[in-house]
Structure formats: C-alpha cells, structure tokens
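A quick write-up on the structure given underneath.
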Amino acid sequence: MRGLPDLAGALVLTLLSGPAWSAGNPERGRQLADRWCASCHLVGPEQREASADVPSFASVARRDDLSEALLAAFLTNPHPPMPNMSLTRQEIADVLAYIRGLR
Ligand code: HEC
C-alpha cells in the first residue's frame, strides 16, 4: 500500500506523544468495528460476508509489517477506497486493541 510510510512519518510522533493517548478497550473496539468497519472488512471470526479484496482484521493483525503506530496513523487519515471515519484517538486505540486481540 503506497502512502502509508509517509503518513506514518508525519503522524506517529504526534500520536504517540499526545497526552490524550491511552490504552485501548478491546470491547469498545469490537463495537466500533461492528458499526464502522464490518460493511467492508471481516471484523471477527463469526462474520461470514464482507467485500472481496478487503483485508480481514485477522489478517491485518497477523501482518508484521503493520505496526500499531502505522495502523494508528492510517486510521487517523485513511485514503481511498477507505472512507475517512473521523475516529477519535480513543476510538482508534480501542479498535487497535481489538485487532491486536485477533492475532
Ligand atoms: C467502505 C469500505 C471500508 C470501510 C467502511 C472500512 N474499510 Fe478499511 N479498508 C478498505 C479497503 C478497500 C482497504 C484496502 C486499501 C488498500 O489496500 O489500499 C482497507 C484497508 C484497511 C487497513 C489497512 C490494511 C493494509 O493492508 O494495510 C486497515 C488497518 C483498515 N482498513 C482498517 C479499517 C477500520 C479499523 C475500519 C473501521 C473503523 C475500516 N477499515 C473501515 C475498505 C473499508
């Protein structure tokens, strides 16, 4: 995926040094994923249908090249075809805590 490393460079420091950054809550993350992500991504093992060609969250969780900082940067400012969902930092932390748990 092109664009991700540049984005990360710009955003990672801001994200990681912000005082509002706190530990994610995986249960809230699951609810957010069901609401905002499940129309395109397979967000959990029991979901049967999602869009073709969109990575499942389980496969995202297993990718070693996608660090949490990169994912946070990506979700802060996603690019098409993903819509910009304007997630708050806390929501991003929650979703990432959930995805981490799928590993
Ligand atoms: C309208 C459809 C759509 C929705 C809704 C959506 N995504 Fe995506 N997402 C995509 C597509 C398509 C890609 C693949 C983009 C690419 O490969 O360039 C993607 C890629 C990603 C990736 C990067 C995977 C990689 O290979 O680098 C992550 C992480 C991700 N989405 C998380 C989320 C999260 C979290 C949500 C909900 C908050 C969400 N997406 C909602 C369509 C969507």
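Numbering of ligands and ligand atoms starts at 1, following listing order. Here the structure is a predicted model, which means the values were calculated and not measured.
The heavy atom nearest to atom 29 (C) of ligand 1, out of those in V54, L70, L71, is found in L71. The heavy atom nearest to atom 34 (C) of ligand 1, out of those in A61, A52, P55, C37, is found in C37. Of the options M82, R63, R35, the smallest heavy-atom separation from atom 19 (C) of ligand 1 is shown by M82.
Nearest approach of P78 to P83, heavy atoms of both residues: CG-O, 3.5 Å. Here the shortest heavy-atom pairing between Q47 and H41 reads NE2-O, 3.2 Å.
Heavy atoms of V43 stay at 4.0 angstrom or farther from ligand 1. Contact annotation: P83 has at least one heavy atom less than 4.0 Å from an atom of ligand 1.
Residue D53 does not touch ligand 1, judged by heavy-atom distances below 4.0 Å. Contact annotation for L75 and ligand 1: only side-chain heavy atoms (C-beta onward) come within less than 4.0 Å of the ligand.
A side-chain contact (heavy atoms from CB on, under 4.5 Å) with V43 holds for exactly one of L32, D34, I99, L102; it is D34. Partner of L87 under the side-chain contact (heavy atoms from CB on, under 4.5 Å) criterion, out of Q90, M85, R89: M85 alone. Considering N84, I92, T88 in turn, I92 is the only one that fulfils the side-chain contact (heavy atoms from CB on, under 4.5 Å) rule with T76.
The residues R30 and E46 are annotated as salt-bridged, a charged nitrogen and a carboxylate oxygen being separated by less than 4.0 angstrom.
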Evaluation steps, side-chain contact (heavy atoms from CB on, under 4.5 Å), between L70 and D65: CA-CA 9 Å; L70 270 170; D65 58 321; over 6 Å; no
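Note that CD of E91 is 9.5 Å distant from OG of S86, once rounded to the nearest 0.5 Å.
Here the side chains of M82 and F74 are in contact, with some heavy-atom distance below 4.5 Å.
Near M85, with a cut-off below 4.0 Å to any heavy atom, the atoms of ligand 1 are 36 (C), 37 (C), 38 (C), 39 (C), 41 (C). Set against the non-hydrogen atoms of P81, the atoms of ligand 1 under 4.0 Å away are 12 (C). Close contacts between ligand 1 and C40 involve ligand atoms 1 (C), 2 (C), 3 (C), 4 (C), 5 (C), 42 (C), 43 (C) [criterion: under 4.0 Å to a heavy atom]. Interface of L87 with ligand 1, defined as ligand atoms under 4.0 Å from a residue heavy atom, comprises 38 (C). Under a 4.0 Å criterion applied to the non-hydrogen atoms of V95, ligand 1 contributes the atoms 35 (C).
Look at H41 and atom 8 (Fe) of ligand 1: an N/O/S atom of the residue is under 2.8 Å from the metal.
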